[in-house]
Amino acid sequence: MNTPYQGLMAETVTHTGANGDLISAYFARPLGAGPYPNVIVVHHMPGWDDATKEITRRFAYYGYNAVCPNLHHREGPGEPDDVAAVSRAAGGVPDDRFVGDAAGAMEFLRSLPYSNGKVGIIGFCSGGRQSYLAAGRIPELDAAVDCWGGRVIATPDQLTARQPVAPIDYTSDINCPLLGIFGNDDQSPTPEDVNRTEEELKRHGKDYEFHRYDGAGHGFFEVDRPGYRPVQATEAWGEVRKFFGRHLA
Amino acid sequence: MCSWIVETAAMSGVAKGPDGWIDINQANVYFDHPFKAPMDHALIIDFVRDPERPNGRVAIEISAESARRLVESINRALTTGEAVHVLGEATHA
């Protein structure tokens, strides 16, 4: 029997981000000649943590070059939890800076000799919001996945100097297919928020698909938290793989 | 949720972490995903020396119920203290 070889490597790299800054990133890739499709993994507000790096390796295992930029790089150096605390106290990652960092991650992935040139983005929680934002502001992306991004819709009092525009207001500019993964017990975004986002995507004729899961709340992929829902998470991971498989191959 | 909403309080005091005592100038308080505690959400307090730099922090991540008990305990301790001391911004005696 001829068993396919599986191997991957993961390491810390640097790539160019917003304003030409060099930022750190966690990068994982299959150990083969490729060419492989590419994914940007966006961490949540608690930072460039173990769980998000594990997801980055998971994409490499699935056959993607995957990079997770450290969105709190400039608040460091320091441990991911300490720099996340600084970022949070300052009002979170500025949207413009995130867009520049994500665009830099995209260029990094496209430059790899074993890249197929297609780049998707996936984010979780605040990273889900940022993934939606990237879909609207980075027209060169090939696919985007929003996993339970809160505050895609924002009231005027929720807008700040760092997050001055609600991501939903960029819906008309979205230039790639969008996948949404949501738990119906979530409080942020609520099912009503998801309905409103879906209406906006429909109104603008965007290519999207939303999957909503009963019995699941916020962050139901997180295997080390009480909110983990193995059945729903396994099904939703399957949707993510099918979606990226269709649009990044 | 996963947000950047933070309540802050100016602090005067010190806190001890693995590397010893540090001056504490601000407490950042929020209810969000913890970094370490195995909970979906937690009440988190970062006691920090400098809110703009990661150069000194003592953090706790506790359940909401724990946080409410903590608030009650702090208030009771302050009431007891007030019975025998004059409490102010810096009470050294």
Side-chain angles (χ1 to χ4, degrees), chain A residues 42-51 72 74-94 123-130 147-151 154 158 160 162-163 183 185-190 193 217-220 222-229, chain B residues 1-70:
Chain A
V42 186
H43 64 73
H44 59 167
M45 191 64 218
W48 200 43
D49 62 357
D50 290 352
H72 299 153
R74 297 165 187 82
E75 281 73 32
E79 294 295 318
D81 58 322
D82 289 330
V83 293
V86 173
S87 174
R88 187 189 296 271
V93 175
F124 305 87
C125 202
S126 61
R129 173 190 176 278
Q130 288 164 322
C147 293
W148 49 90
R151 296 207 176 192
Q158 292 172 332
T160 66
R162 288 182 168 228
Q163 297 90 22
D185 295 338
D186 202 337
Q187 302 300 309
S188 178
T190 63
D193 292 334
H218 194 83
F220 64 94
E222 295 188 45
V223 298
D224 56 352
R225 304 294 160 117
Y228 179 50
R229 294 293 178 271
Chain B
M1 63 183 288
C2 189
S3 80
W4 43 85
I5 302 168
V6 175
E7 301 291 336
T8 63
M11 292 281 123
S12 174
V14 297
K16 190 174 185 182
D19 299 325
W21 291 94
I22 57 172
D23 292 334
I24 292 301
N25 295 305
Q26 183 169 304
N28 299 323
V29 185
Y30 46 100
F31 191 75
D32 204 346
H33 304 305
F35 188 90
K36 178 69 175 176
M39 305 169 186
D40 291 321
H41 295 87
L43 189 287
I44 303 168
I45 307 176
D46 294 326
F47 296 100
V48 298
R49 177 162 47 199
D50 178 352
E52 296 181 2
R53 299 164 66 89
N55 62 355
R57 180 173 75 113
V58 173
I60 60 171
E61 298 177 334
I62 57 179
S63 69
E65 295 76 13
S66 303
R68 293 191 193 285
R69 286 193 292 271
L70 177 63

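Order of the sequence lines fixes the chain letters, A, B, ..., with proteins taken first and strands second; residue numbering starts at 1 for each chain.
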Identify which part of [X] has an atom lying under 4.5 Å from any heavy atom of chain B, answering side chain, backbone, both or neither.
{"X": "A/R162", "result": "neither"}
{"X": "A/D224", "result": "backbone"}
{"X": "A/P189", "result": "neither"}
{"X": "A/A90", "result": "neither"}
{"X": "A/Q163", "result": "side chain"}

TODO: Calculate, to the nearest 0.5 Å, the distance between atoms CG and NZ belonging to A/D50 and B/K36 respectively.
DONE: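 Spacing of CG (A/D50) from NZ (B/K36) equals 8.0 Å.
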Task: Residue among B/Q26, B/M39, B/R53 with most heavy-atom pairs under 4.5 Å to chain A - done: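 Top option by heavy-atom pairs under 4.5 Å: B/M39.
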Task: Heavy-atom side-chain proximity of A/D81 to B/R57 below 4.5 angstrom - done: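 Side-chain contact under 4.5 Å: yes.
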Open item on the list: Within a 6.0 Å radius of atom CD on A/E79, are there more than 12 heavy atoms belonging to other residues, nucleotides or ligands?
Closed with: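 Counting neighbours around CD of A/E79, 12 or fewer heavy atoms of other residues, nucleotides or ligands fall under 6.0 Å, so no.
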Task: Parallel, tilted or perpendicular: rings of A/H218 and B/H33 (30°, 60°) - done: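 If you compare the ring of B/H33 with that of A/H218, the planes turn out parallel.
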Between [options], which shows the greatest number of heavy-atom pairs under 4.5 Å with chain B?
{"options": "A/G76, A/G92, A/G91, A/G217", "answer": "A/G91"}
{"options": "A/T160, A/D82, A/D49", "answer": "A/D82"}
{"options": "A/G78, A/G47, A/A89", "answer": "A/A89"}

TODO: Return the minimal non-hydrogen interatomic distance between B/P38 and A/P226, and the atom names on each side.
DONE: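 Of all heavy-atom pairs spanning B/P38 and A/P226, the closest is O-CD, 3.4 Å.
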- [ ] Indicate the atoms forming the closest heavy-atom contact of B/F35 with A/P46, along with that distance.
- [x]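 Minimum heavy-atom contact is CD1-O, 3.2 Å.
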Open item on the list: Please enumerate all residues that pass side chain to side chain contact (heavy atoms under 4.5 Å, CB included) together with A/V86, with sequence neighbours excluded.
Closed with: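 Residues passing side chain to side chain contact (heavy atoms under 4.5 Å, CB included) with A/V86: A/E75, B/P54.
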Task: Under 4.5 Å from any heavy atom of chain A - which part of B/A59 - done: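 For B/A59, there is no contact with chain A at all, as no heavy atom is under 4.5 Å.
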- [ ] Give a yes or no on whether a salt bridge exists between B/D32 and A/R88, defined as a side-chain N under 4.0 angstrom from a carboxylate O.
- [x]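 Yes, this pair counts.
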